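One structure below.
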Amino acid sequence: MSGILRLDQLEPTTFRADARHGVAGRVFGGEVAAQAVMAATATVAPGRLLHSVHTYFLLPGDSSVPVIYFVRTERDGGTFSNRSVAAHQHGRVIFTMTASFQVPRHGVAHQVPSLRAPSPDVVPVPAVTFAQDKATTDWLDGLMSRIPVELRFPEDFERNAQPVRSQPFTRAWMRSAERLADDPSVQAAAVVYLSDLLMLSTALVPHGIAIDDPGVLFATVDHTVWFHAPCRADDWFMYEVESDWAGSGRALCRGRVFDQNGQLCATTMQEGAIRVS
């Protein structure tokens, strides 16, 4: 993942992500969002930490050509800094993001949701958990071959194509497949990258449909992440995802990121387009 997050700085506020040689097709949305975070962070004064990103995916990204990121300073105040980022390919804007950074402050604190899950150290690898479910293992193998992530599922994972319909809820321990730099901006960008996983597939669980079934078309429309506390993407964190609503060819999903101590580190929301022929 460190290679994915690496950008070339062309100008003080212009950055380039190289094409993914040997990787053909549409760019993973989390990749563009994470690179945009890296570009925005490079223009912010040290000590200001990312606390929220709001993204829109306008056109599919092309992995065969570089992505150019243009950053604009919207505000630098005493506590907050705001940046907007536009990603360009083939002369068109494919993605936009607004990001906010904050000087850490003390204040009132509470956390309502709690984490109740077995430690990732005692949860088997997916090949063991789903040894009797070839469809699920094949799907997860394909996912982890494209995305540098490790996954552990603390309970049976409804791979949506199962004939038994269930509630639109998925949770998994996840972490980057490689150790990353200690830089908080790198860790935050990697969390944004991984937070794009499992969301729209969760919205299909009640309908007995898998995200990769024939006739299923899907795309992220917008994705938001609010950071509440630092979180290492290269250490196990729990990602809980549920879908509150689907209709009109769209689905809305929300997620919670917990560290192993049960601290709520981030909240996510995503709306996507889903078409089933």
Side-chain angles (χ1 to χ4, degrees), residues 1-55 57-73 81 83-101 143-151 174-197 220 223 225 227 230-235 237 257 265-266 268:
M1 187 183 297
S2 56
I4 293 172
L5 299 179
R6 187 178 300 114
L7 302 178
D8 295 321
Q9 188 166 8
L10 307 180
E11 299 287 346
T13 59
T14 305
F15 303 82
R16 179 183 63 204
D18 289 335
R20 298 285 304 282
H21 299 296
V23 179
R26 188 169 68 178
V27 177
F28 174 54
E31 178 175 324
V32 180
Q35 290 172 349
V37 167
M38 294 300 295
T41 303
T43 70
V44 175
R48 298 194 173 211
L49 302 180
L50 179 70
H51 76 86
S52 69
V53 296
H54 301 262
T55 72
F57 296 85
L58 307 179
L59 292 168
D62 180 355
S63 61
S64 67
V65 299
V67 184
I68 308 299
Y69 295 91
F70 296 94
V71 182
R72 186 173 68 184
T73 297
S81 290
R83 299 291 186 268
S84 60
V85 183
H88 289 241
Q89 276 188 327
H90 302 297
R92 298 182 296 176
V93 178
I94 66 167
F95 166 94
T96 62
M97 181 186 80
T98 57
S100 184
F101 301 79
L143 177 67
M144 290 186 286
S145 69
R146 300 188 304 272
I147 308 297
V149 62
E150 295 182 44
L151 297 167
M174 60 174 62
R175 68 179 177 185
S176 166
E178 65 174 291
R179 194 72 176 174
L180 301 173
D182 293 333
D183 184 343
S185 64
V186 173
Q187 297 289 339
V191 170
V192 171
Y193 178 92
L194 295 175
S195 71
D196 193 27
L197 293 172
T220 300
H223 184 71
V225 182
F227 285 93
C231 179
R232 289 197 69 100
D234 56 4
D235 198 1
F237 64 87
V257 174
C265 297
T268 68

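Since this is a predicted model, take the numbers as computed values, not measurements.
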Under 3.5 Å side-chain donor-acceptor pair for T268 and H223:
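Short answer, no.
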
Looking at OG of S185 and CG of L5, how far apart are the two atoms once the value is rounded to the nearest 0.5 Å?
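S185 OG to L5 CG: 9.0 Å, rounded to 0.5 Å.
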
Which distance, rounded to the nearest 0.5 Å, do you find between the CE of M38 and the OG1 of T43?
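The distance works out to 11.5 Å.
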
Donor-acceptor check, side chain of [X] to backbone of [Y], threshold 3.5 angstrom: yes or no?
| X | Y | result |
| --- | --- | --- |
| Q89 | I94 | no |
| E150 | R175 | no |
| T55 | M97 | no |
| T41 | V37 | yes |
| D234 | L180 | yes |

Show the nearest heavy-atom pair for residues [X] and [Y], with the distance to one decimal.
| X | Y | answer |
| --- | --- | --- |
| R26 | P60 | CD-CB, 3.7 Å |
| V32 | V27 | CG2-CG1, 3.6 Å |
| A34 | V192 | N-CG1, 4.2 Å |
| T73 | R83 | CG2-NH1, 3.3 Å |
| A87 | V67 | CB-CG1, 3.8 Å |
| Q35 | L7 | O-CD1, 3.4 Å |

Starting from the C-alpha separation in whole Å, work towards a yes-or-no answer on side chain to side chain contact (heavy atoms under 4.5 Å, CB included) for I147 and Y193.
CA-CA 9 Å; I147 308 297; Y193 178 92; 3.6 Å; yes

In the structure I gave you, are the side-chain heavy atoms of [X] and [Y] within less than 4.5 Å of one another anywhere?
| X | Y | answer |
| --- | --- | --- |
| V85 | F15 | no |
| H90 | D62 | yes |
| P184 | L49 | yes |
| R72 | T13 | no |
| R92 | L59 | yes |
| M174 | F237 | yes |
| L151 | L143 | yes |

Under the side chain to side chain contact (heavy atoms under 4.5 Å, CB included) rule, what do L197 and F28 come out as? Steps first, then yes or no, please.
CA-CA 10 Å; L197 293 172; F28 174 54; 3.9 Å; yes

So, are R232 and D182 salt-bridged, with charged N and O less than 4.0 Å apart?
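Salt bridge between R232 and D182, a charged N being under 4.0 Å from a carboxylate O: yes.
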
Check this for me: does any side-chain nitrogen of one of D8 and R16 sit under 4.0 Å from a carboxylate oxygen of the other?
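R16 and D8: salt-bridged.
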
Aromatic centroids of H88 and F70 separated by under 6.0 Å
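Yes - the distance between ring centres of F70 and H88 falls below the 6.0 Å cut-off.
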
Is the gap between the ring centers of F95 and Y69 under 6.0 Å?
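Aromatic pair excluded; centres sit 6.0 Å or further apart.
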
I'd like to know whether L194 forms a side chain to side chain contact (heavy atoms under 4.5 Å, CB included) with D196, so could you lay out the CA-CA distance, the side-chain angles of the two residues, the decisive distance to 0.1 Å, and finally the verdict.
CA-CA 5 Å; L194 295 175; D196 193 27; over 6 Å; no

Mind running side-chain hydrogen bond (donor to acceptor under 3.5 Å, both in side chains) on H54 and T98 for me, showing each step along the way?
CA-CA 5 Å; H54 301 262; T98 57; 5.3 Å; no

